[in-house]
Amino acid sequence: MHAEPINLLGLDAPALTQLVGQWGGKPFRARQLQRWIHQRGVSQFDEMTDLAREFRSQLSQNCEVCAPPVLTQQRSTDGTRKWLFDVGQGNAIESVFIPEDDRGTLCISSQAGCNVACRFCSTGHQGFNRNLTAAEIIGQLWWARRELMQDATSSRLQPADQSGSADQFAVNHSSDRSAQTDTRVISNVVMMGMGEPLLNYDPVLTAVRMMLDDNAYGLSRRRVTVSTSGVVPMMDRLSQDCPVALAVSLHAPNDALRDELVPLNKKYPLKELLAACERYLAFAPRDFITFEYVMLDGVNDSDQHARELIQIARQVHCKFNLIPFNPFPQSGLKRSSAARVRIFSQQLMDAGIVTTVRKTRGDDIDAACGQLAGEVKDRTRLKEKMAEQKMIAIKEIRA
Ligand code: SAH
Ligand code: SF4
């Protein structure tokens with residue numbers, strides 16, 4: 001028995017093949033194992049019925065399949081779901097599922113906190129706590145997919161009964177082929193939760209490769225999006241290692257303003273960032289970069305800013321995604337009015353730039369982008385406090 005069990009959620013295909021190979025297993029055993037874990041959502045090795053008994057017992061002795069524990073989960077009236085995961089030492093991260101007519105998008109986190117410190121971002125205001133492991137990153141997808149599959153099955157098979165563990169479901173589900181097609185509710189993954197994915201490169205790369213793997217989540221490169229504040233050297237690495245769709249958080253059309261809003265701009269100014277976008281496009285699965293632009297009242301939303309953006313758009317093939325700012329008290333910033341956003345987006349569209357305005361979703365559960373884990377640390381501390389009090393109460397009862 002290893003001192004610490006190996007969490008198989010963090011192993012991509014080559015790593016799993018190597019592990020299985022150490023026990024004399026052929027590569028197809030690793031693929032079988034991947035399908036049990038990621039596609040059927042099974043975490044108990046004794047339920048993986050087509051694996052040899054001896055192999056299962058080796059797995060049970062040395063390994064685990066373990067997502068971070070869920071602290072809270074919430075459902076919005078618009079169908080948005082949010083999970084808050086405990087990643088230890090008072091830190092928590094969030095994932096949000098956003099269902100739409102033609103797709104289901106899961107927004108996941110890559111770090112607990114973030115040290116880029118963008119002025120308009122509540123994660124940035126929290127500071128940096130730690131990088132997530134590959135198991136913690138993929139664990140968010142594994143968990144959300146399992147929960148959503150379970151929901152789909154309970155509403156179809158047992159409308160009156162919402163009980164039953166996910167594992168029970170997974171075993172039933174594995175023999176239900178018709179169920180398999182319509183439970184693939186997560187069609188897209190975006191790394192737009194907490195943290196800067198390109199400052200936690202290796203675990204993010206492992207997780208992204210698992211998202212694309214046909215024996216795991218089988219998503220196409222176009223449906224996995226990494227969002228970055230502009231870590232130029234890592235954009236180049238990603239273009240070589242595993243090019244997926246790229247979103248770049250622009251937020252300002254010139255260096256003076258971007259230096260203030262996204263401090264990383266001082267290290268990688270706009271000229272370098274735009275050149276990196278152009279290089280990325282040579283390898284990208286889509287022929288455009290998505291520029292994210294948070295609309296901040298009186299800060300970056302004037303007609304002149306729009307004109308400057310149009311110049312930028314002439315340099316890189318791009319689409320714009322205008323994001324209504326989600327205010328939080330410490331930011332001292334305000335959301336641009338709906339009328340201003342409309343005029344701004346019209347200016348861009350008149351110049352031939354494809355522009356969308358992000359709908360705010362899950363407002364009633366604080367799940368909109370950029371609001372992720374705003375008060376997570378406090379809430380986690382609260383939970384710890386409650387746990388402490390519970391321990392004291394238990395001790396008192398025992399005494
Ligand atoms: N660190 C990466 C990915 C996580 S942030 C990045 O910056 O791209 C995901 C998106 O949410 C970014 O575009 C970010 O600018 C935006 N965002 C952050 N805080 C926000 C807020 N308060 N309101 C609206 N969008 C916000
Ligand atoms: Fe970090 Fe992105 Fe927030 Fe900036 S916007 S602080 S890079 S998470």
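One-based numbering, in listed order, for ligands and for the atoms of each. Any value given below was found using the heavy atoms of this structure, including those in side chains, with hydrogens, waters and symmetry copies removed.
- Between the side chains of D213 and Q34, at least one donor N or O lies within less than 3.5 Å of an accepting N or O.
- From the protein, the heavy atom lying nearest to atom 4 (Fe) of ligand 2 is C118 SG, 2.4 Å.
- No side-chain donor-acceptor contact under 3.5 Å links N321 and E292.
- Any N or O atom pair closer than 3.5 Å counts here, and R358 shares no such pair with ligand 1.
- Using a 4.0 Å cut-off to heavy atoms of A117, the atoms of ligand 2 that qualify are 6 (S).
- Here the side chain of W83 pairs no donor or acceptor atom with the backbone of E94 at under 3.5 angstrom.
- Atoms of ligand 1 found under 4.0 Å from any heavy atom of G195 (numbered from 1 in listed order, with element): 1 (N), 2 (C), 3 (C), 4 (C).
- Using 4.0 Å as the threshold, S110 has no heavy atom nearer than that to any atom of ligand 1.
- Residue contacts with ligand 1, taken as heavy atom pairs separated by less than 4.0 Å, involve T228 solely via the backbone atoms N, CA, C and O.
- With hydrogens and angles left out, the side-chain atoms of R81 and Q73 include a donor and acceptor closer than 3.5 Å.
- Residue contact check: S249 has heavy atoms under 4.0 Å from atoms 6 (C), 7 (O), 8 (O), 12 (C), 13 (O), 15 (O) of ligand 1.
- Each of the following atoms of ligand 1 lies closer than 4.0 Å to a heavy atom of C121: 18 (C), 19 (N).
- The shell of residues lying under 4.0 angstrom from ligand 1, judged by heavy atoms, includes M191.
- If you check the side chains of N200 and Q111, you find no donor sitting under 3.5 Å from an acceptor.
- Counting only N and O atoms by type, the side chains of N215 and R35 include a donor and acceptor under 3.5 Å apart.
- Under 3.5 Å, the side chains of R29 and Q32 contain a donor-acceptor pair of N or O atoms.
- Between F85 and W143, the angle of the ring planes goes over 60°, which puts this pair in the perpendicular group of the 30/60° scheme.
- Side-chain atoms of N188 and R223 include a donor-acceptor pair closer than 3.5 Å.
- Scanning P324, G124, S227 for the heavy atom closest to atom 2 (C) of ligand 1 points to S227.
- Contacts of S227 with ligand 2, taken as heavy-atom pairs under 4.0 Å, are absent altogether.
- Between M192 and ligand 1, no N or O atom pair is found at a separation short of 3.5 Å.
- Ligand 1 has at least one atom lying under 4.0 Å from a heavy atom of G193.
- Residue E54 places its CD atom among 12 or fewer non-hydrogen atoms of other residues, nucleotides or ligands, all under 6.0 Å distant.
- Between atom 1 (Fe) of ligand 2 and C114 there is an N/O/S contact shorter than 2.8 Å.
- Those atoms of ligand 2 with a heavy atom of G124 less than 4.0 angstrom away are 6 (S).
- A side-chain donor-acceptor contact under 3.5 Å links D350 and Q346.
- Using a 4.0 Å cut-off between heavy atoms, I323 contacts ligand 1 through its side chain alone, with no backbone atom that close.
- Taking atom 2 (Fe) of ligand 2 as the reference point, the nearest protein heavy-atom neighbour is G195 O, 4.4 Å.
- Closest protein heavy atom to atom 3 (Fe) of ligand 2: C121 SG, 2.3 Å.
- Using modelled atom types, one finds no donor on one side chain facing an acceptor on the other under 3.5 Å when comparing S122 with H125.
- Ligand 1 has no nitrogen or oxygen under 3.5 angstrom from a nitrogen or oxygen of F325.
- Note: no N/O pair closer than 3.5 Å links S122 and ligand 1 by distance alone.
- Residue H251 has at least one heavy-atom neighbour below 4.0 Å for each of these atoms of ligand 1: 13 (O), 14 (C), 15 (O).
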